[in-house]
Amino acid sequence: MSLETVLGKMENKIVFFNTLGRRFEEFKPINPPNVKMYCCGPTVYNYAHIGNLRTYIFEDVLKKVLEYNGYKVKHVMNITDVGHLTSDADTGEDKMEIGAKREGKSIWDIAEFYTKAFLVDEKKLNIKKPDIICKATDHIKEQIELIRGLEGKGYTYKTSEGIYFDTSKLKDYGKLAKLRIEKLKAGKRIEMGEKNSPTDFALWKFSPTDKKRQMEWDSPWGKGFPGWHIECSAMSMKYLGKHFDVHCGGTDHIPVHHTNEIAQSEASTGSKFVNYWLHGEFLILKEGKMGKSERNFLTINDLEKQGFDPLAYRYFCLTASYRKPLVFSMKNLQSAKNAYERLKNLVSIIQGDQFSKTNHKLIDSYKKEFTENISYDLNMPEALATLWNLMAEKGIGNKEKYDLIKDFDKVLALDLTETTSRFLGDLSRDIKRLIDERELYRKSGNWKKADEVRTQIKNKGYQISDTSDGPKLTKV
Ligand code: AMP
Ligand code: ZN
């Protein structure tokens, strides 16, 4: 029996796939019931695209799964508003400077505008606001202190471009990504500049001498700005302590950003930084990557303009494991939207007819199945399957079903029990509800009721006919 199967059978245990070590592990927080979690936030030089938001939905589900299991989560997210260069290998232009130039505004204005826009998108997706949102530019002092500490311990060196971290000083550098340093050195595909090794990275970059940067600060080494990675070490350790439970981000962060966060944090403290590293796989297009730099991205606003409820996108994300790439297309999103609307209609029928039929064993088995699914490395597709089975369950009453749905929605956060929506699609919610209601009566053999509903639909201007693909509507 595989480890996956064995662990999956454990009751009320949370199991995560830890990138550090590449294995499934039972989740054991350092100081239960408290869980400390840090997630890398957006670089605010443009709108977040729906790929970025897939990662934030995964992190939100993770937090809700922990809370559902009784943990108290302290969630910290940074806002990168300085230092993230176009190449993760510390070369190229600052992405924030590019954004400011593109829009003819100051970097500070750009940062404020896109941070607000990001938080609006998160809210539309029912992503709970982190307990602490911290900006890199508000923590320059902490970053400088951390670099000074590393300098004191002999982990840094200076070039004409800045202060660099010497990765050869750490025996286990690259353990997260299982980097093969010798191979990297031989390949030298990474731009080296004056660096001693391709994996060394900037802690502090000097301002250029030929032009003035909008964002720069004095430091013990001269005017400049922090490297991208140091902000996450400085802020996570400030708010969560030197050793904490969970750190997340997209898979692109594994080889460079998170590898370097571990290096500088563990070099600074001399002990383990984070216990569980979880990474979300990318949302992809058939043609390849969706990226802000590729300029082929869609935003939540774009989806809304095309009549999609942002929560239909959340539903779409929940249909795949966070550890698998998810192919986006309008067709795939439309299928998710149809399923989501059908689900909401069924819930509203259940809500409108709250008869009770108690079967504790059955109710407990649904709750247990749902809890096991979400707790086994966030298996949301299976958790949705449990929900759909519950919808069709005849052994318990609507009142009991409704309570379970409300409970499951603490994690799914799909507003399943909210009856209003701005996104009605082509047919009004009322008619969709009647179609589903008639289907339920037909399936239970209550032809009299089914015919009554058919008449109600007709009175609203539609003829319903039953085909092998399900009920079809035509205008009368
Ligand atoms: P950025 O704003 O570029 O720093 O990225 C914000 C977050 O989105 C990071 O955690 C990235 O790993 C993640 N990310 C970037 N592109 C995608 C994508 N296509 N699908 C899923 N996550 C992504
Ligand atoms: Zn980060």
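Being a predicted model, the structure only gives us computed values, none of them experimental. When a ligand or atom number is given, it counts from 1 through the structure's own listing order. The figures here come from the full heavy-atom set of this structure, side chains too, leaving out hydrogens, waters and symmetry mates.
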Where's the contact between Asp252 and ligand 1, heavy-atom distance under 4.0 Å: side chain, backbone, both or neither? side chain
Mind checking whether Leu283 and Phe297 have side chains closer than 4.5 Å, heavy atoms only? no
Would you say the ring centroid of Phe201 lies under 6.0 angstrom from that of His257? no
Check for me whether His49 has a heavy atom closer than 4.0 Å to any atom of ligand 1. yes
Flag yes if more than 12 heavy atoms outside Lys238 fall under 6.0 Å of its NZ atom; otherwise flag no. yes
Check this for me - ligand 1, Thr43, N or O atoms closer than 3.5 angstrom, yes or no? yes
Side chain to side chain donor-acceptor pair (under 3.5 Å): pairs with one or both residues in residues 143-153, sequence neighbours excluded: Glu151-Trp221
Applying side chain to side chain contact (heavy atoms under 4.5 Å, CB included) to Ile30 and not counting sequence neighbours gives His243, Asp245, Asn275
Could you point out which residue of Asn69, Asp377, Val15, Val35 forms a side chain to side chain contact (heavy atoms under 4.5 Å, CB included) with Phe27? Val35
What I want to know is whether Asn52 and ligand 1 share at least one N or O pair that is separated by under 3.5 angstrom. yes
Side chain or backbone, does Gly250 bring an N or O within less than 3.5 Å of an N or O on ligand 1? yes
With a cut-off of 6.0 Å (strictly less than), are more than 12 heavy atoms of other residues, nucleotides or ligands near NZ of Lys128? no
Nearest heavy atom to atom 21 (C) of ligand 1, choosing from Gly51, Cys317, Cys248, belongs to Gly51
Polar contact flag for Leu283 and ligand 1 (N/O pairs, less than 3.5 Å): yes
Proximal candidate to atom 23 (C) of ligand 1 [heavy atom criterion; set Tyr114, Phe282, Trp228]: Phe282
Pull out every atom of ligand 1 sitting under 4.0 Å from any heavy atom of Pro42, numbered as shown with elements. 2 (O)
By side chain to side chain contact (heavy atoms under 4.5 Å, CB included) - contacts of Lys178 (at least two apart): Arg22
Given salt bridge (charged side-chain N to carboxylate O under 4.0 Å, His left out), test Asp218 with Lys223 step by step and report yes or no. CA-CA 4 Å; Asp218 286 325; Lys223 237 187 204 32; 3.1 Å; yes
Fit a plane to each ring of Phe118 and Tyr56, take the angle between them on a 0 to 90° scale, and name the class: parallel (under 30°), tilted (30 to 60°) or perpendicular (over 60°). perpendicular
Tell me, which protein N/O/S atoms are under 2.8 Å away from the Zn ion (ligand 2)? Cys40 SG, Cys232 SG, His257 NE2
Give the atom numbers and elements of ligand 1 that come within less than 4.0 Å of a heavy atom of Thr55. 10 (O), 13 (C), 21 (C), 22 (N), 23 (C)
Using a 4.0 Å cut-off to any heavy atom of Met290, which atoms of ligand 1 qualify? 19 (N)
Kindly check if the number of other-residue, nucleotide or ligand heavy atoms within 6.0 Å of NZ (Lys72) is above 12? no
